[in-house]
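Have a look at the structure below, then the notes.
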Amino acid sequence: MLTEFSQGYFQPDVGGKNIPVAQGELSDLAGDEPLFKALYQWFIESGGVYKLEFGPKAFIVISDPVVVRYLLKENAFNYDKGVLAEILEPIMGKGLIPADLDTWRVRRRAIVPAFHKAYYEAMVAMFMRCSERSCDKLRNAIAASSDGSAVVNMEAEFLNLGLDIIGLGVFNYEFGSITTESPVIKAVYGVLKEAEHRSTFYIPYWNVPLLRAIVPRQRAFAADIKVINECLDGLILQARAVSEQLDEEVLQNRDYSTLSDPSLLRFLVDMRGADPDDKQLRDDLMTMLIAGHETTAAVLTWALFCVVQNPQVEARLLAEIDAVIGDRDPGLEDIKALSYTRATLAESLRLYPQPPLLIRRALSEDTLPPGLNGDPNGYPIGKGADLFISVWNLHHSPHLWKEPELFRPERFEEVYTNDAFGGKWAGYQPEAGRGALYPNEVASDFAFIPFGGGARKCVGDQFALFEATVALAMLLRRFNFRLAVPAEQVGMATGATIHTANGMMMRVTPRQAAAGQQQQQQQQETAAATV
Ligand code: HEM
């Protein structure tokens, strides 16, 4: 059933001869179910390392933390992003995600220091201002309603919030998408949609009629890229002009927490030693715009979805938020105190990882380790072997988590080991997380990898989690959210991230009013009982 078109994406089957082959029809992948769910079923049947074959080609699916640790950390440089790099290169150029290793080394070294403490201080204040705008929008929607509540698609609201935040944080551009629409916003959403569409194309469930649509959509894509590039080029020019007026010493001693523009772009042009050309800077900015927008919006969307369905979690969260920030503006220090809020976000990232699959291709032949219970000889693979690391499977694995489908943020406060693996996997140990604020791959020995791990780990992990913590706390302290449709109706769709199939429709009421109403209701009930 595969077209020549689809076969072009994959390397010939050079995966190990001893890797179990999943029994199933590739056409199963073309159904309504998202790809990562089909891959889960085969993981349960075939184990932590298995292969899916189609014609002369194949890809290997990894769901074992020991093999994942090997791929992401121990032998990370033998792997590149393979098919994903090919797909994203026309959008992100030589940005960190698709870049060749030589470019990646130079740019990673330049970009990591841009996420410094003064930057985060300025960012937390900005997250707060943007979240306040979302609160105002919800207040206005409620005020305009006849019954004191508004039904809102919170997925769309979080996408707007995420876009405004990433624009300001990365290149100090005010998209203002919470309240307005503009040609640049339209172009960004167009490119994001295309990036998303292309990254689902690595999956061989091609839909032939789509090919017919390719020419017009490619034209629209080229026009969108042009709008964004012109906008970014203008911002780069401006940032360089400001920086060139200042001498080296002033630049070295800048306090980014007090600048009116503390963005990553500001820092990257101020660091003259690194001296990237404008095209490289644009690729870096575009990559961070795309990598940091939908991912963070998706975390907030699914976190809220989980919280509103778990009253005990919600009650503990609200108690923490009221005690830590109350009516104050939250700051960086407050994030440290919001430990349950942080665990809640981690737990929603466990259940809804963004992205649910990581992609790698072997640069030279290698032998994958046996993992927790695979072939003791390991799995020899050839150069060019395509691998999917299933973050979804790791995070939902019944071998690695107690009651994996339960939403229980408390799990990240507990030590969990599994003796069945004879010490091959260290389990989950909160203290082993190297003092990180959020549960991570080190604490879980690569069973929990929401931001990947090793050399190619996400550079924006703290940015994203601080953003999500501030936004969630600020929204929950002011509003009461309830699903406006049955949970099953929300649905899931695969893209670069997991989004809803039908939007996240929530009924929103002011929280004080909701508390007041509860009290009133209680009083009425007591009065009725007394009568
Ligand atoms: C890489 C997740 C937010 C920039 C990654 C990777 C993951 C990830 C899993 C590793 C991909 C791989 O190994 O193949 C997330 C999630 C986010 C988030 C879940 C939000 C909750 C951000 C933000 C930024 C960002 C806000 C930028 C400000 C990047 C970049 C890379 C990356 C540049 C590539 C790093 C490299 O290859 O050196 N992200 N990310 N991400 N992320 Fe994020």
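Predicted, not measured: the structure shown is a model, and the values here were computed from it. One-based numbering, in listed order, for ligands and for the atoms of each.
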Considering only heavy atoms of Arg456, which atoms of ligand 1 have at least one such atom less than 4.0 Å away? 10 (C), 13 (O), 35 (C), 36 (C), 37 (O), 38 (O)
Distance to 0.1 Å, residue and atom name: give those for the protein heavy atom nearest to atom 35 (C) of ligand 1. Arg108 NH1, 3.5 Å
Examine Phe412 together with Tyr428 and report whether their ring centres are nearer than 6.0 Å. yes
Can you list the residues that meet the salt bridge (charged side-chain N to carboxylate O under 4.0 Å, His left out) rule with Glu365, with sequence neighbours excluded? none
Any non-hydrogen atom of Lys81 lying under 4.0 Å from ligand 1? yes
In the shown structure, where waters are left out, how many protein N, O or S atoms lie under 2.8 Å from atom 43 (Fe) of ligand 1? 1
Could you tell me whether the side chain of Asp283 reaches within less than 4.5 Å of the side chain of Lys279, counting heavy atoms only? yes
By salt bridge (charged side-chain N to carboxylate O under 4.0 Å, His left out), Glu347 pairs with (sequence neighbours left out) Arg350, Arg411
May I ask you to identify, for Ala298, whether its side chain, its backbone, both or neither come under 4.0 Å of ligand 1 on a heavy-atom basis? neither
Tell me the protein heavy atom at minimum distance from atom 31 (C) of ligand 1, and give that distance in Å. Ile97 CG1, 3.8 Å
Nearest non-hydrogen protein atom, atom 19 (C) of ligand 1: Gln354 O, 3.0 Å
Residues at least two apart in sequence or cross-chain that pass side chain to side chain donor-acceptor pair (under 3.5 Å) with Tyr438, listed by chain then number, are Thr469
Does ligand 1 have a heavy atom under 4.0 Å from the side chain of Thr296, from its backbone, from both, or from neither? both
For Arg360 and ligand 1, answer yes if some heavy atom of the residue is under 4.0 Å from a ligand atom, otherwise no. yes
Where is the nearest protein heavy atom to atom 11 (C) of ligand 1: which residue, which atom, and how far? Leu358 CD2, 3.9 Å
